[in-house]
Amino acid sequence: MVITTLTPPQQSSEEKLITLTGIKWLTFKAIMSDVGDSRAWRIAYAEGVLEIRIPLTEHEEPKGMIESFVEAFADALDIEVRKLGALTLEREDLTRAIEPDSCFYVQN
């Protein structure tokens, strides 16, 4: 397993991105099970690479604005929308998982 920590120079030192490589799907699932849902960080996993991202505080305000825009747009067009927040989306058959900051099911 290789661990790489990146903090882009143009961003606050508060934001962190940790990349782990060589992580098997079962190891990823065990990590997620051990830490549970009560955490501030988000993940992305694809074919052995696990990224752990800790969002900035400044990230939350624009995220809320985008959520409000989607909801207002759907309401204006009378489209059914379900807001599900930071849901973990997994496809074991593709060995991929992602946690968006917010997600929506539109219509179906």
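All heavy atoms count here, side chains included; hydrogens, waters and symmetry mates do not. This is a predicted model, so every value here is computed, not measured.
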**OP:** Evaluate side chain to side chain contact (heavy atoms under 4.5 Å, CB included) for Glu51 paired with Leu17, printing each intermediate quantity in order.
**Re:** CA-CA 7 Å; Glu51 291 183 354; Leu17 174 65; 4.1 Å; yes
Original post:
Would Thr19 and Leu50 satisfy side chain to side chain contact (heavy atoms under 4.5 Å, CB included), going step by step from the backbone distance to the final call?
Top reply: CA-CA 6 Å; Thr19 303; Leu50 173 60; over 6 Å; no
**OP:** Show your working on side chain to side chain contact (heavy atoms under 4.5 Å, CB included) between Leu20 and Ile23 and close with a plain yes or no.
**Re:** CA-CA 7 Å; Leu20 307 172; Ile23 304 295; 3.8 Å; yes
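Judged as a salt bridge (charged side-chain N to carboxylate O under 4.0 Å, His left out), the pairs with a partner in residues 97-106 (not counting sequence neighbours) are, in order, Arg39-Glu99, Arg42-Asp101, Arg53-Asp101. Note on residues 19-39: pairs passing ring-ring contact (aromatic ring centres under 6.0 Å, His included), not counting sequence neighbours, are Trp25-Phe28, Trp25-Tyr45, Phe28-Tyr45.
Listed by chain and number, the residues in a side-chain hydrogen bond (donor to acceptor under 3.5 Å, both in side chains) with Thr27 amount to none (sequence neighbours excluded). With sequence neighbours excluded, no residue forms a side-chain hydrogen bond (donor to acceptor under 3.5 Å, both in side chains) with Asp78. Under the side chain to side chain contact (heavy atoms under 4.5 Å, CB included) criterion, Ala30 pairs with no residue at all, not counting sequence neighbours. The ring-ring contact (aromatic ring centres under 6.0 Å, His included) check on Trp41 picks up nothing, with sequence neighbours excluded. Among residues two or more places apart in sequence or in another chain, the side-chain hydrogen bond (donor to acceptor under 3.5 Å, both in side chains) test is passed with Lys24 by none. Judged as a side chain to side chain contact (heavy atoms under 4.5 Å, CB included), and not counting sequence neighbours, the contacts of Glu47 are Thr95, Arg96. Looking at residues two or more places apart in sequence or on another chain, you find a ring-ring contact (aromatic ring centres under 6.0 Å, His included) between Phe73 and Phe69. Qualifying side-chain hydrogen bond (donor to acceptor under 3.5 Å, both in side chains) partners for Glu71, counting only residues two or more places apart in sequence or in other chains: none.
Pro100 places a side-chain heavy atom less than 4.5 Å from the side chain of Leu89. Using a 4.5 Å heavy-atom cutoff, the side chains of Met32 and Ile43 are in contact. The side-chain heavy atoms of Arg82 and Leu84, taken from C-beta on, include a pair separated by under 4.5 Å.
In this structure, NZ in Lys83 is found 5.0 Å from OG in Ser102, a value given to the nearest 0.5 Å.
Put simply, Val49 and Ile54 are part of two different groups of oily side chains (I, L, V, M, F, W, Y) that touch within less than 4.5 Å, one to the next. Both Tyr105 and Ile98 are part of a single hydrophobic cluster, where members link through side-chain heavy atoms under 4.5 Å apart. Both Val70 and Leu77 sit in one connected hydrophobic cluster of ILVMFWY residues. Membership requires side-chain heavy atoms under 4.5 Å apart, directly or through other members.
Remark: side-chain polar atoms of Ser68 are paired, donor with acceptor, to backbone N or O of Gly64 under 3.5 angstrom.
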